[in-house]
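Only heavy atoms go into these numbers, but all of them, side chains included; no hydrogens, no water, no symmetry mates. Every chain is numbered from 1 and lettered A, B, ... according to where its sequence line falls, protein lines coming before strand lines.
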Amino acid sequence: MSEPEEIRIPRFDAYERVMHWMAALSFGYATLTGLAIWSPKLYWMGTMLGGGFHIRGTHPWSGVVFAVMIGVMFRRWAAGMGLDADDRVWLTRLHKYATHDHGALPPSGRFNAGQKMLFWSQVATTLALFATGVVLWFPESMPRPLRLASIALHPLAAIGSITSILVHIYMGTAAVPQSMRAMLRGYVVPEWARFHHPKWYRAWRASHRS
Amino acid sequence: MTVAKLIDTTLCIGCKACEVACQEWNDQEYTLGTFGGTYQTMPDLAHNFWNLIKFNEMERDGGTSWLMSKYQCMHCAEAGCLAACPAPGAIVARPNGTIDFVQDNCIGCGYCITGCPFDVPRLSPTTKKVYKCSLCSDRTAVGLEPACIKTCPTNCLTFGERDELVRIAEARSTELKADGFADAGVYNPQGVGGTNVLYVLKHASEPEQYGLPKDPQIPLSVSLWKGPMKWLGTLMFWGTILGTFVHFVIYGPQDPAKHGHPEKEDEPSERA
Ligand code: HEM
Ligand code: SF4
Ligand code: SF4
């Protein structure tokens, strides 16, 4: 069953894959423990993860791990996350993307404009979560106005962050077949690259032929 | 029946017997008081010090007078601590109006400290749980009055049915007015639906002079967070989960073979 013909284009190296999955794991843990504290109806998730008293201690640490991983991601990817002219047009045709009318879309580079927006929104919400999270972490040494602001802004940022990650998970699992393999095994096939990221594919082919 | 504690600040002589009774009954470890240049035992409440007699100094008409006050949990009808608490069963509103902290269920997040408009709950550095006056719920449950009230030598403190105490407090402030204290009145702030700790004050229009907030309320950010934001979050999460699912059912996955891209035509096959 070997497919000697299959050509593999490297998409994410080991560093990027580890960084992504560490962020995903710490985010998942922070989300479950955070939501347990957010609503009494979801408190059972905290009970399953060791009880309320335990998760009150661990949640902030998982948040710190996540924030550090976002920092690592920023160093690695931020330079390539700026929107170019094609991306700007792409964003105005988001509905075309959602309805599979790919012919109407300008070509994307290594990341499409949607992925870039996710990146920047995660950077923003993580900054907000970190700043407000530290205030909630040490209530007794923080001034009251800061605590009052943080108690509302931390879950607000979390709602934004979790919602965009839900979309991200949908894209990575069901909506775009084979993207999961890119993040797990690190490579994609040319057909996939040419369809989803034409400009990135062309660059690869140019360097590959030389 | 709602019970209450009435503090007639005009009768307090600052003997601090109630502080001792509170420490004794609740079996608090002994901590050295802090000397702050006043007669006060401590500058502030602590996780193991739930009842503080304050010697508030008021400068008026060229003289200084003491406005005694007793600082402890107010057992609010609409309690900010309870509104903020995320742990089921950690803060309990008893049928008699007592707001009781149940440390076994407390997760130590400190949200109640932020939710309380009177700045009462205190986190213990050793157990990482919060503590405050329980209105001696372990005494009132068996028909005894709270320890502070039992011990007060001047009848400054009274315990009983709330409506009855409100009547007594009103009568007492009428009496004070007749005695020349025109500003006398009852402290029973309506912003938190009234409190089950009532005060008779000589200067009722200036509760700040006694260290009491003028118009305490559950903070706006706490109400927003526990109200509209809960709905927003629920809507966003379920909306996204349902929305992506419906999207998949309608459109299915992106497929390079079916959803051709212009690139596909003008690119030669990569194997060519
Ligand atoms: C970035 C570092 C973070 C820190 C330092 C932090 C810290 C905290 C703290 C101290 C609390 C109070 C309860 C507790 O201690 O468990 C809290 C609550 C919460 N956290 Fe975080 N957190 C962080 C990141 C996150 C992330 C990534 C999420 C998920 C997207 C999240 C979601 C929540 C939620 C939903 C709550 C409950 C808020 C509420 O009670 O309504 N946090 N966080
Ligand atoms: S005074 Fe503070 S701790 Fe006491 S019941 Fe009111 S909100 Fe809760
Ligand atoms: S510290 Fe304890 S009592 Fe206070 S809000 Fe958190 S869980 Fe509730």
For salt bridge (charged side-chain N to carboxylate O under 4.0 Å, His left out), just list the numbers for K199(A) and D84(A), CA-CA rounded to whole Å, side-chain angles, deciding distance to a tenth of an Å, and then say yes or no. CA-CA 12 Å; K199(A) 286 196 282 188; D84(A) 64 19; 2.8 Å; yes
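Side-chain atoms of S69(B) and N56(B) include a donor-acceptor pair closer than 3.5 Å. Counted by atom type alone, W77(A) and E16(A) present one or more donor-acceptor pairs between their side chains at under 3.5 Å.
Salt bridge absent: R93(A) and D101(A) never bring a charged side-chain N and a carboxylate O closer than 4.0 Å.
Taking L220(B), L232(B), T234(B), T240(B) one by one and counting their heavy-atom pairs under 4.5 Å with chain A, the maximum is reached by T240(B). No other option in A87(B), G239(B), C85(B) has as many heavy-atom pairs under 4.5 Å with chain A as A87(B). Considering only heavy-atom pairs separated by less than 4.5 Å from chain B, the leading option among A174(A), P40(A), A149(A) is A174(A). With respect to chain B, the highest number of heavy-atom pairs below 4.5 Å among V167(A), I159(A), T163(A), I151(A) belongs to I151(A).
For the pair H102(A) and Q254(B), the minimum side-chain heavy-atom distance is below 4.5 Å. L83(A) places none of its side-chain heavy atoms less than 4.5 Å from the side chain of W90(A). In this structure, the side chains of Y201(A) and H196(A) stay at 4.5 Å or more apart for every pair of heavy atoms.
In this view, D138(B) satisfies the salt bridge (Lys or Arg N to Asp or Glu O under 4.0 Å) rule with no residue, not counting sequence neighbours. When the salt bridge (Lys or Arg N to Asp or Glu O under 4.0 Å) test is applied to R8(A), the partners found at least two apart in sequence or on another chain are E6(A).
Within the 4.5 angstrom heavy-atom criterion, only backbone atoms of A175(A) (N, CA, C, O) approach chain B. Proximity to chain A is limited to the backbone of C116(B), based on heavy atoms less than 4.5 angstrom apart. For a residue to count as touching a neighbouring chain, one of its non-hydrogen atoms must lie under 4.5 Å from one of that chain's; by this rule L123(B) touches chain A with backbone and side chain alike.
K129(B) places a side-chain N or O within 3.5 Å of a backbone atom of C106(B) that can act as its donor or acceptor partner.
Between E19(B) and I53(B), the closest heavy-atom pair is OE2-N, 2.7 Å.
Contacts with chain B (heavy atom to heavy atom, under 4.5 Å) involve these residues of residues 41-67 of chain A, listed by number: Y43(A), G52(A), F53(A), R56(A). Listed by sequence position, L136(A), P139(A), E140(A) are the residues of residues 111-143 of chain A in contact with chain B, using a 4.5 angstrom heavy-atom cutoff.
Stacking of R11(A) on the aromatic ring of W200(A) is recorded, both the 6.0 Å distance cut-off and the 45° axial limit being met. The side-chain tip of K54(B) does not point at the ring of Y210(B) from less than 6.0 angstrom away and within 45° of straight on.
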